[in-house]
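Being a predicted model, the structure only gives us computed values, none of them experimental. All values below come from the heavy atoms of this structure, side chains included, with hydrogens, waters and symmetry mates left out.
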Amino acid sequence: VFNGYGSIFPWVMVHEKGHHVHSDTEEDPHTPNKGMWYAFLTWHKEQKYFDQHVSRRVLVNYVRRGFVNDKFYQILNDYHMAINYGTLILIALLFGWKVALYGFWMGIWFTLLNTSTVTAFSHKKWFGYRNFETKDNSVNNRVGAILTFGEMLHNNHHRYWKATNNSQHWSEIDISGLVIERLRKR
């Protein structure tokens, strides 16, 4: 919700049906094959890709399965703008507008920078190593994984793309995955 991408379900669908199905091809909505700069800046084109490639009927069928039936995710999806603006106003009331604007926009900027870096580099074979043979060029990078909270364990992600933790070895640190595991235990 706090990432600048918009509602959840279309983003997840583009990631699954666009990027994972068509990785490293011309159909991939953020392929690095068109250049690093293209891959780095295409996060904003995913809604356009979604509108061009996905009918509303397909979205409705997609929404009816799996995690999208969870009421919590439905609320996040349906009210993402209200949640964002409400949080911004709450932070402003508690800490002032400067803190609210700086913290809010820096959070969005950091998330977009993180995702764009992963998109641009994690499909370049020279950038890392592969644990699994996949149909794409995805690679892992241990240092990058720490800096991106586990997102640069990208070859692992492409092999087990529904996993909540991308780590496959003790030396692969997935901070996001560890947080999710900790939250599940509660």
So with a 6.0 Å cut-off around OH of Y102, is the heavy-atom count from everything else above 12?
-> no
Straight-line distance of I83 CD1 to L88 CG, nearest 0.5 Å | 13.5 Å
dist I175:CD1 -> I180:CD1 (nearest 0.5 Å) comes out at 12.0 Å
Test item: E26 and K34 side chains (from C-beta on) under 4.5 Å apart, heavy atoms = yes
When rounded to the nearest 0.5 Å, the distance separating CZ of F132 from CD of Q168 is 4.0 Å
Is there side-chain contact between N33 and T25, with at least one heavy-atom pair below 4.5 Å?
-> no
Do the non-hydrogen side-chain atoms of L101 and I91 ever get within less than 4.5 Å of each other?
-> no
Whether over 12 other heavy atoms sit under 6.0 Å from Y129 OH | yes
So which heavy atom on S176 is nearest to which on E151, and how close?
-> OG-OE2, 4.3 Å
Following the transitive rule for hydrophobic clusters with a side-chain heavy-atom cut-off under 4.5 Å over Ile, Leu, Val, Met, Phe, Trp and Tyr, establish whether L153 and F149 coincide in one cluster.
-> no
Atom pair CZ (R142) and OG (S171), whose distance is rounded to the nearest 0.5 Å = 3.5 Å
Closest non-hydrogen atoms of V139 and R130, given as atom of the first, atom of the second and distance, are CG1-CG, 3.9 Å
Kindly indicate whether the side chain of N131, heavy atoms from C-beta on, has any atom under 4.5 Å from the side chain of E172.
-> yes
For G177 and N165, which heavy atoms make the closest approach, and how far apart are they?
-> C-ND2, 3.7 Å
CG/L113 to CD1/I108 distance, rounded to the nearest 0.5 angstrom?
-> 13.5 Å
Applying the 4.5 Å side-chain criterion to the ILVMFWY set and letting contacts propagate, would F104 and L112 be lumped into a single cluster?
-> yes
Rounded to the nearest 0.5 angstrom, the CG-CG distance for N137 and D24 is 4.5 Å
N114 (side chain) donor-acceptor with F110 (main chain) under 3.5 angstrom = no
Can you get from L94 to V99 by hopping between Ile, Leu, Val, Met, Phe, Trp and Tyr side chains that sit under 4.5 Å apart?
-> yes
Are P32 and T119 side-chain neighbours, meaning at least one heavy-atom pair lies under 4.5 Å?
-> no
Mark yes or no for whether N166, through its side chain, and N156, through its backbone, hold a donor-acceptor pair below 3.5 Å.
-> no
Closest non-hydrogen contact found for H158 with S23 is CE1-OG, 3.0 Å
Min side-chain heavy-atom separation H154-V118 under 4.5 Å | yes
Out of H123, H22, H19, which residue meets the side-chain hydrogen bond (donor to acceptor under 3.5 Å, both in side chains) rule with D28?
-> H19
Flag, side chain of N155 to backbone of N140, donor-acceptor distance under 3.5 Å = no
